[in-house]
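Excluded from the calculations below are hydrogen atoms, water molecules and symmetry mates; all remaining heavy atoms, backbone and side chain alike, are included.
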Amino acid sequence: MFEQAFKNIDDVLRKEAGCTTELDYTEQSSWLLFLKYLDGMEADKAAEAALGGKKYAFILEKPYRWRPGPRPRRRTASSTTTPP
């Protein structure tokens with residue numbers, strides 16, 4: 001299960017980021033895994049706080065959290081080009 005997940009991450013990073021070797025995208029893979037771990041930990045702590053009638057203060061602001069999941073970057077007017 002994990003082997004296939006890592007292979008999928010590697011394939012995407014190789015294609016999207018222009019990485020050529022595993023060493024090129026080790027940092028990106030590690031960061032994604034860390035963010036997913038942090039999300040799970042914070043979800044557990046938020047649920048625990050809710051059960052105790054308390055409010056949990058998340059480490060990351062809402063737009064930077066894993067949930068509802070990573071989203072593709074939005075195109076802006078400055079990032080689009082017009083054909084010559």
Do any side-chain atoms of residues 53-61 form donor-acceptor pairs under 3.5 angstrom with protein atoms, and if so which ones, sequence neighbours left out?
unit_1 : atom_1 : unit_2 : atom_2 : d
Tyr56  : OH     : Glu42  : OE2    : 2.9

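- Taking the salt bridge (Lys or Arg N to Asp or Glu O under 4.0 Å) definition, one finds that Asp39 meets it with Arg67, sequence neighbours left out.
- Applying the ring pair (Phe, Tyr, Trp, His ring centres under 6.0 Å) test to Tyr37 and every residue at least two apart in sequence or in another chain returns nothing.
- Taking both residues in full, the closest heavy atoms of Leu35 and Trp66 are given as CB-CE3, 3.9 Å, listed atom of the first, atom of the second, then distance.
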